[in-house]
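What follows is a set of notes on a single structure, which appears directly below.
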Amino acid sequence: MAAAVQIETVNITINDIEIAVPKGELIVEAVKRLGLEIPIFCYHPRMKPVGMCRMCIVEVGFKQPDGTVRKMPKPQAACTLPASEGMAVYTDTEMVHRDRKGVLEFLLINHPLDCPICDRGGECPLQNNTLFYGPSTSRYVELKRHAPKAFPLSKYVTLDLERCIQCGRCVRFTEEISGDSELAFRFRGANMQPSTFELRDFESKFSGNVIEICPVGALTSAKYRFRARPWDLETKPAVCTVCSNGCNVWFDYRVGKMVRINGRTNEGVNEEWTCDKGKFGHEFYNSEDRLLTPLVREGDQLVPTDWARVYSDVIRAFANGGDKVAALGGAANSNEDVFMLNRLMTGIFGTKNLDHRFERNLVTGVGEKLGVSEVQSTIASLEDAPSMLVFGTSLADELPIVFLRVRKAWFKNGAKVVVAHHAPTDADSFAEVILRYKEGTEAAVASGLLSLLVSAGKAQVPAATADAIKPFTPEHVEQLSGVPAEKLRVAAELLEGAPIITTRSMYNQASGVDALEALAGLAMVTNGKFNCYSLQANAEGATLLGTKEGMHTHQILNAAAAGELKALWLVNVDPFALYPDRELVQQALENVEFLAVQGTVASEAMHYASVVLPQCAPAEMDGTYTNVERRVQRMRPVLKPKGSTKPGWNIFSEIAVRLRPATPFFNPGEVMAEIAKENPAFEGATYDKLPAEGFVIR
Amino acid sequence: MSELTQIGSINERPRIPTRDEVELNFSDKAITELEALKTHYPELKACILPTLWIAQREYGGFLSGEAIAEVAYRLQRSYAEVEGVATFYSMYNTAHKPGKHKIELCTCLSCHLCGTYRLRDFLKEKLGIGHGETTADGLFTVEEVECLDACDRAPVIQVGDTYHGPVDEGYLSKLIDDLRANPESTVVKMADEMVKVHIRASER
């Protein structure tokens, strides 16, 4: 454990109670130490204070030498007031009460008070603060300000200008957190409005967050608008499975239907933010295309049937299949599903042909080859890195929440970020150095960086490697990739010991594997951290729990296309969407004798299916997911399984028990206990030990 | 507590417009002035106001979306931020293109008592336009404004960078004839004068 940092404290009194708080802590935060609350609108703990709404005013004085307190003549905004020695704060005086009433009366002058039809009604800070601190009547009888209702800022965010209290939270979010600076206040006074430049589309990858941080109903979700009253919703904690970040979310549902997704705080993962892909990407729960019953092929039709029929078909095709059967996918399934699938394929069907990867280059993973882990940094640790390298990925698209962390490291701590990619990315706006290379020259750039560090004496590599990278002088790299030699030198200066962030999409690049090797080497020899983050909800889990011995995806598809495979199982995966070579997928699915398609939503592969096994969606079952930083997080069932769908682990387990009678697992908790027994890395992830914020596998 | 709450984070640079998104129309003179301006302040954010004046001059007295976009690009600020600044100040023309000459009538107390609204009615009759309107020939815009800080000359009006007052119907009538004969736009001239205030003589 790191040595405790000495924090300078100051002695202040809050409502005459003496307390020591860190010097410079804002009063609005300091009062929370005593369990007090100061009403706020514009203040947000994760953003810089602006003191715009005046809701948080308190009386402040200073202790005089004679022991009396001399109060300042006017109240102060607690959100912009840092604690200093001898400060006396009063949050509960007559004057403060009167002033709060005044502020709220002003805020409500132009507020339409259309709470009965407002999405925010019931969970609205303006309602709450008015209830506790506001006047019960208004003296304002004149005409209220009127503005267009329901202006669509983007396809996700609808602006109701009349309700806006001009706190600037949304504007600050886009400037400070997401960095797209799409919003600003236009005009002034009563006409002031948060909006985009020329009212163009609000193009942000994180626009959904402004809906949540808006303290009134001014920014509402276009998808959720008028769909429910908050008090009619049931809410349960969940984990987002749209990408591999594993963001913690609140899953709001009503009569068995997903209604909306909100961010849930997990300081280690997403803080409290969500990306638009996640926040608005759960519509498939209510999709018409959900698979609800098992289907079996009869002629050119898939007809509903029962599980027994599907199981027997699968068993007939797969049992004793040996090398003639294979399964693809599983990276979107829970750890328990993946484990049971693996057991079924290897233990019962006797095949090791099982892969969840769909990248172009499926050689031995770089980490395995060099004997290093491909995930060395936690998301939270990126925040404290003085410099880092983002290589070959548009991070805001592939891993939005990691992007926010990298940006926060720059915004808050001034981290120097080197961004290397063949196209412009969102991270360019704060990059210290941008290495824009020609597509396909990743390896040259990465080797160039390594070579620079080695020749500067900052790193030692084995002689063979040294010879291999010697030709990659900055000038040679410039010729190959178009990255100016000078920039490469500046970048290399910054990268000693820095975390390197790249994603598995690098395996899609022709020279990606060589680049990854150079990057892993770079991290290894300079004591940096190498991270090749995966991109699907449980790809890390599938990697840790899967087998690496049988055929990989290319071989499986090629064998299927050549008619050498008897049966193929697609586990919750659409190869048409993931695999680069569409034609091969088509041939493979056409030529395999028996195709089992397992999934939650209808996909293109279903047209070729012999049987379809409907699997329930992630929030409809219990299970754990291993995210990008190998954090195992549990998602408890939120909804009931739709139709006759079953959890993946249950399907595999039921088939296994038909072939080899044994006591099956009754719940995923038992499966996880078994996983932990076989794979000690998961020891801390058993259901009785797994903490709420997840368990990071190291 | 979160350290983020501390005032004054290190970095504040927002997303900046890219070159291919904007059309650049600044003249060489404007670019020289802008380069000089950039040396006056520690950061580019501080240049937004004077650069908007340059843009108002370069774009014929009107800060259109293109003009704001160019300022944002040249100062590496976000579009929305620059538009927010421009729309905050009433001396930047952002709502619509003004006429060649903008007649601003002071409507505050002294001028009001001394007959501003008589002048307004006179203008309505003579030019056929009221507050915020522009004549069809694009020559005149009339605006009622708040205090011009020249009560000793009430009723006072401002045309371009010149105050006129005290003004009566006869004076106004003659002024309009003079302006009609004036080929130069007083709105653009005003912007130019504002730029000159910001640029040192040695930098022109």
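As the structure is a prediction and not an experimental result, all values here were calculated from the model. Reckoned from all heavy atoms, side chains included, excluding hydrogens, waters and symmetry mates. Within every chain, numbering begins at 1; the chains are lettered A, B, ... in the order of the sequence lines, protein sequences first and strands thereafter.
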Item to check | Heavy-atom donor-acceptor pair, B:Glu81 side chain to A:Ser181 backbone, under 3.5 Å | outcome: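 Answer holds: no.
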
Checklist entry - Under 3.5 Å, side chain of A:Arg188 to main-chain N/O of B:Phe88, donor-acceptor pair present? => result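 Answer holds: yes.
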
Does a sphere of radius 6.0 Å around [atom1] in [X] hold more than 12 heavy atoms from other residues, nucleotides or ligands, not counting ones at 6.0 Å or beyond?
X: B:Asp28; atom1: CG; value: no
X: B:Asp149; atom1: CG; value: no
X: B:Lys102; atom1: NZ; value: yes

Next on the checklist: Is A:Phe187 close to chain B through its backbone or its side chain, or both, or neither, when contacts mean heavy atoms under 4.5 Å?
Outcome noted: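 It is both, since atoms from each part get that close.
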
Checklist entry - Taking every heavy-atom pair that is under 4.5 Å apart, which of B:Ala80, B:Ala95, B:Gly84 has the most such pairs with chain A? => result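 Result: the option with the highest number of such pairs is B:Ala80.
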
Item to check | Distance-minimising heavy-atom pair for A:Arg186 and B:Thr87 | outcome: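 So the two residues come closest at CA-OG1, 3.4 Å.
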
